[in-house]
Amino acid sequence: MVKRFGGTKVLVHFGGGSVKKSGLLSRVEDALKAEEISFVELGGVKPNPRSGLVYEGIELCRKENVDFILAVGGGSVIDSAKAIAAGAVYDGDFWDYYSKGIPVDKALPVATVLTIAAAGSEGSPDSVITHEDGMYKRGASGESFRPKFSILNPELTCTLSAYQSACGVTDIMAHICERYFTNTKEVEVTDRLCEGLLKTMIHEAPRVIADPNNYEARANIMWAGMAAHNNICGVGRGQDWASHGIEHELSALYDCAHGAGLAVIMPHWMEYVMNHDINRFCQFATRVWDVDMDFANPENTAKEGIKRFRKFLSSIGMPVTFAELGAKEEDIPTLVKQSQVSDKNRMGGFVPLDDKDVEKIYRLCCE
Ligand code: NZQ
Ligand code: ZN
């Protein structure tokens, strides 16, 4: 596959120990050797990937004339690979793409061997990096970031802990919800795709937690992770993404898992914006969470849906408050200041939020 997409000198990029321990890295190395494709390696990507290693990777690619990057790991490894891919062929600082929102129009080709179903970076045109100078997260996007191919073998995810599996499921559900809560009318096809994927997660998450080797459940989650974020569920509809923006500062500052941060933020964001479109929240409650419609008091139906979502997240071991996550109320001003809302003044397509709204949502998470 690497050859088919023109790779002659490959950078194999990976994270901490998991791909060595599982033997996956050796399998990738053997496959490249068998095809007589030369390669260099750069490991050590941390979860919530950092700018420092990206600079190192860019230098290595230039020195070694790398023309293809193979990311072996999860969203962090893939995002780091994408950042290196852009930086290696850009005259300026790769961070320009992340800080200025310039669309990424040129990058080395990237492909992935995915080991965790979560971020959806294996099918997305996005990358999220934490800048080490200040520990804040920003994203960059562009079609040249979309992987040329991604290998999704559910067996590779059987070594994930119950906690990491649950973080992954939470992120997948969040990617769907960011698209589900829309102001675009008459989007029944994508609504139903979203609802089907959410229901699949509700069914499969407890099964992989009970049995990490449940191949069928792992396979359904892995496939859903791709469908949740390659934008098939988002075609033709407005999207929100405020919860992601609000969460990113939690995982940047506390180095928690992105999915765990979303478990805290997303239900609180829902409570905060619910009155903007009660009917949509009632649809979420009745179709996804099987809540009976209270026609006299639709607000009760909407609230019950959010309550069941939150209870589900707790049941799979996710934190749902600042305290459970280890976040501190006194850091809220810093979180607001570091968040994207301070770059753009507004965040979110369903309900545009300003910095005061973002602060209130962080405070709701402390109750
Ligand atoms: O570093 P190793 O040793 O590989 O361990 C990883 C890491 O500690 C471990 N892991 C991965 N696969 C494993 C495994 N452990 C055992 N067995 C396996 N098969 O899991 C830990 C988490 O890995 P990470 O790559 O950080 O997880 P995830 O895929 O959730 O990625 C999170 C990052 O993606 C970004 C997040 O902000 C965060 O930085 N996102 C990227 C997006 C995108 N590019 O489209 C969208 C997302 O919304 C998200 O923001
Ligand atoms: Zn996410």
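Numbering of ligands and ligand atoms starts at 1, following listing order.
Here is the list of ligand 1 atoms found below 4.0 Å of a heavy atom in His244: 48 (O). Here is the list of ligand 1 atoms found below 4.0 Å of a heavy atom in Asn48: 38 (C), 39 (O). Residue-ligand proximity, His248 to ligand 1, at heavy-atom distances under 4.0 Å covers atoms 37 (O), 50 (O). Atoms of ligand 1 lying under 4.0 Å from any heavy atom of Gly15, numbered from 1 in the order shown and given with element: 1 (O).
Electrostatic pairing of Asp255 and Arg50 counts as a salt bridge here, judged by a charged N lying under 4.0 Å from a carboxylate O. At a threshold of 4.0 Å, the pair Arg192-Glu195 counts as salt-bridged, since one of the basic side-chain nitrogens sits closer than that to a carboxylate oxygen.
The six-membered or imidazole ring of Phe281 lies near that of Phe181, with a centre-to-centre distance under 6.0 Å. Checked against the 6.0 Å centroid criterion, the rings of Trp95 and Tyr98 qualify as a close aromatic pair. Aromatic pair Trp269/His276: ring centres not closer than 6.0 Å.
Nearest to the Zn ion (ligand 2), among the N, O or S atoms that Asp171 has, is OD1. Between the Zn ion (ligand 2) and the N, O or S atoms of His258, the shortest distance is to NE2.
Here Ala119 has heavy atoms under 4.0 Å from ligand 1 in both its backbone and its side chain. Only backbone heavy atoms of Leu156 (N, CA, C or O) come within less than 4.0 Å of ligand 1; its side chain stays farther off. Using a 4.0 Å cut-off between heavy atoms, Asp79 contacts ligand 1 through its side chain alone, with no backbone atom that close. If you look at Pro47 next to ligand 1, the close heavy atoms, those under 4.0 Å, come from the backbone and the side chain alike. Residue Lys46 does not touch ligand 1, judged by heavy-atom distances below 4.0 Å.
For atom 42 (C) of ligand 1, the protein comes within 4.0 Å by at least one heavy atom.
Among all protein heavy atoms, the one lying closest to atom 39 (O) of ligand 1 is Lys137 NZ, 3.1 Å. Closest to atom 5 (O) of ligand 1, if we only count protein heavy atoms, is Ser18 OG, 3.9 Å. Protein heavy atom closest to atom 18 (C) of ligand 1, with residue, atom name and distance, is Thr159 OG1, 3.4 Å.
Side-chain atoms of His258 and His248, non-hydrogen and from C-beta on, do get closer than 4.5 Å to each other.
Under a cut-off of 6.0 angstrom, the local environment of CD in Glu59 is sparse, with at most 12 non-hydrogen atoms contributed by other residues, nucleotides or ligands.
Considering backbone and side-chain atoms alike, Gly75 places an N or O below 3.5 Å from some N or O of ligand 1.
Residue His229: no N/O/S atom is found under 2.8 Å from the Zn ion (ligand 2).
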**Message:** Could you walk me through whether Thr321 and Arg310 satisfy the side chain to side chain contact (heavy atoms under 4.5 Å, CB included) test, starting with their C-alpha distance in whole Å, then the side-chain angles of each, then the deciding distance to 0.1 Å, before giving a yes or no?
**Reply:** CA-CA 10 Å; Thr321 62; Arg310 203 165 170 220; 3.7 Å; yes

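Ligand 1 lies less than 4.0 angstrom from a heavy atom belonging to His175. Distances shorter than 4.0 angstrom do not occur between any heavy atom of Gly168 and any atom of ligand 1. Residue contact check for ligand 1: Pro49 places a non-hydrogen atom closer than 4.0 Å to it.
Judged by the 6.0 Å distance and 45° axis criteria, Arg280 is positioned over the aromatic ring of Tyr180.
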